2 protein chains.
Amino acid sequence: MSESDTRQRILDAAEALFMEHGFEATTLRRITSSAKVNLAAVNYHFGSKDALIKELFRRRLTWLNEQRLAALARLEAEAGDAPLKPSRILEAFFGVAVTMATDSAGGGQTFMRLLGRTYTEPSAFVRNFLAEEYSEAVARFKTALVKALPDVPREEIYWRFHFMLGAMSYAISGADALNIIAGTPLAEDDGGLLYARLMTFLLGGLRAPLPSTAATNSKATTHSPPRTPRAPRTASSKS
Amino acid sequence: MSESDTRQRILDAAEALFMEHGFEATTLRRITSSAKVNLAAVNYHFGSKDALIKELFRRRLTWLNEQRLAALARLEAEAGDAPLKPSRILEAFFGVAVTMATDSAGGGQTFMRLLGRTYTEPSAFVRNFLAEEYSEAVARFKTALVKALPDVPREEIYWRFHFMLGAMSYAISGADALNIIAGTPLAEDDGGLLYARLMTFLLGGLRAPLPSTAATNSKATTHSPPRTPRAPRTASSKS
DNA sequence: AACTGTTTCAAACAACTGTTTCAATTCTAC
DNA sequence: GTAGAATTGAAACAGTTGTTTGAAACAGTT
């Protein structure tokens, strides 16, 4: 075989375990025993646990963002000079992700759940790595959105993109977190329905009317946070 | 005086460190040395690290949800039998959270960022604890939304609530994650503007037209995920 | 056959984890 | 002041972590 089969077994096992227990809680011993390889194999093939994590993201994430960029390029080619429809841009960015997230057979589902959670990972090196890996795709989509929505201030678009990423992250993080909301577990439907749900929600948010205080700090009263008493730093702790 | 000051110092230090490095990566030794107390104090006052985490959430989260429920009850009281406006319901739920999240002085900001991330925490005991702590508030707001939006299927509301939580989580997780998007760091503005931005986005998403395939599986073509080739499980790994 | 570089294996390494122990100290009430 | 409780302190505990080691097994070439 061209590439050691041990590498693949380690990567697959690590992906599943990281997804289930997080990075720090997943030990090399659990990974290697789940992959049925020797403990030292990880350091032999990848150098360290951190390098394993990076490699794990690389093999999926670069592919994902290439797909996104290709979809965007396709849109721009067939639109010529005309501005793109915002819905098409969102489809290019989030459609690929959701497709990957609902590919339960190939392990994409596992990975996308992991990715969604990792976005807010505290670990510095993971965040830096993600930023680097995402930079090109995000920049391209940002400018596409700015061009497609000439009436929306640039900062507003960035924030809404940020919000959309949060919604998607929760969407693909699956029913695990959702069951906190719905007392009774919801039927986990196939990807098509989830995608339609997410897409209409995102589009509604993206096309929402601008907040009245977005550009200028007028004295509009709408949508200012309701006044609440200060949060207690000392709550009744014992009885 | 009534309650040991050591407890408070531990809780405050732990909150900040958990926020910055996560639960597993934060050791008791770092917590106690940051709080300038003895290592054994954690186990003496709280019993275990897990119990410390629970207590840390309890002192903020119960207060937060009480505020939410009080705001909702106020709305229902002044509306009588009339259905509530969805925007008011969202304000009651998310307004309190954002207010707490932008209270940088009292430590609420730190806590809310921690909470947003914890929502998708893999650790089982944290998730179970959160579900228990949230159950009442979420149930009340769910039924309020269902009553306020009689034309929207119940499942659709749950999912949109889920999406909204994701957007809020990213909103309060702050510019750390946002800077991955905006190459140049955005000006971190005060809470009022962030709240207005989030609120318009959420309302736009909540009031979006229903996905065409929501209730019945008609053969609508809109919003089905674009076809993409299968994600590679084996990517070019070496060269 | 013998020699090559690569991969696997069991064992050990030092460092760090949450938790206990028990004496020393401080606080509280009589 | 003194007895008794509550709290702190330094040190040690047993267990786990990522990583390293050096010998053994394997592959391919001449």
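Note that the structure is a prediction, hence the values are computed from the model and not measured. The sequence lines fix the lettering, A, B, ..., with proteins before strands; numbering per chain opens at 1. Hydrogens, waters and symmetry mates are skipped; everything else that's a heavy atom, side chains included, is used.
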| query | Just how far, in rounded Å, is P of dT7(C) from CZ of F46(A)? | reply | 12 Å
| request: Mind calculating the distance between CG (N38(A)) and C1' (dT8(C)) to the nearest angstrom? | output: 6 Å
| message | Before you tell me yes or no, could you show the steps for Y158(A) and L145(A) under side chain to side chain contact (heavy atoms under 4.5 Å, CB included), namely the whole-Å CA-CA distance, both residues' side-chain angles and the distance that decides it to 0.1 Å? | response | CA-CA 9 Å; Y158(A) 294 170; L145(A) 277 177; over 6 Å; no
| Would the F93(A) and F161(A) ring centres measure less than 6.0 Å apart? | yes
Check nucleotides 20-25 of chain D for protein N or O atoms closer than 3.5 Å to its own N or O atoms and list the pairs.
none

| query | Run the side chain to side chain contact (heavy atoms under 4.5 Å, CB included) check on M100(A) and W63(A) step by step: do they pass? | reply | CA-CA 11 Å; M100(A) 190 168 177; W63(A) 180 88; 3.9 Å; yes
| query | dG18(C) C1' sits how many Å from R29(B) CZ, rounded? | reply | 7 Å
| field | Spacing of I10(B) atom CD1 relative to dT19(C) atom C1', expressed in whole Å | value | 14 Å
| D12(A) pairs by salt bridge (charged side-chain N to carboxylate O under 4.0 Å, His left out) with which of R60(A), R59(A), R7(A)? | R59(A)
| request: Side chain of L28(B) only, please: which of dT19(C), dG9(D), dA10(C) is the nearest? | output: dT19(C)
| request: Locate the shortest heavy-atom distance separating L194(B) from W159(A); write the atom from each residue and the value. | output: CD1-CZ3, 3.8 Å
| message | How many whole angstroms separate atom CD1 of I31(B) from atom P of dT19(C)? | response | 11 Å
| query | Using a cut-off of 4.0 Å on non-hydrogen atoms, how would the nucleic acid contact of T32(B) be classed: base, sugar-phosphate, or nothing? | reply | nothing
| request: Could you please name the option among dT7(C), dT19(C), dT8(D) that lies closest to any side-chain atom of Y44(B)? | output: dT8(D)
| request: Identify, between V42(B) and K36(A), the residue whose nearest nucleotide on DNA chain C lies closer to the 5' end. | output: K36(A)
| query | Do the side chain of K54(B) and the main chain of K49(B) share a donor and acceptor less than 3.5 angstrom apart? | reply | no
| Going through the distances and angles, do R58(A) and E133(A) end up as a salt bridge (Lys or Arg N to Asp or Glu O under 4.0 Å)? | CA-CA 8 Å; R58(A) 198 182 341 258; E133(A) 196 79 29; 5.0 Å; no
| query | Checking T26(A) side chain against L17(A) main chain: does a donor-acceptor pair fall under 3.5 Å? | reply | yes
| query | How long is the line joining NE2 of H45(B) and C1' of dG9(D), in whole Å? | reply | 12 Å
| Do the side-chain N or O atoms of T6(A) get closer than 4.0 angstrom to the phosphate oxygens (OP1, OP2) of dT8(C)? | yes
| Stems formed with participation of DNA chain D [Watson-Crick or G-U wobble, under 3.5 Å, three or more pairs] | C:5-30 with D:1-26
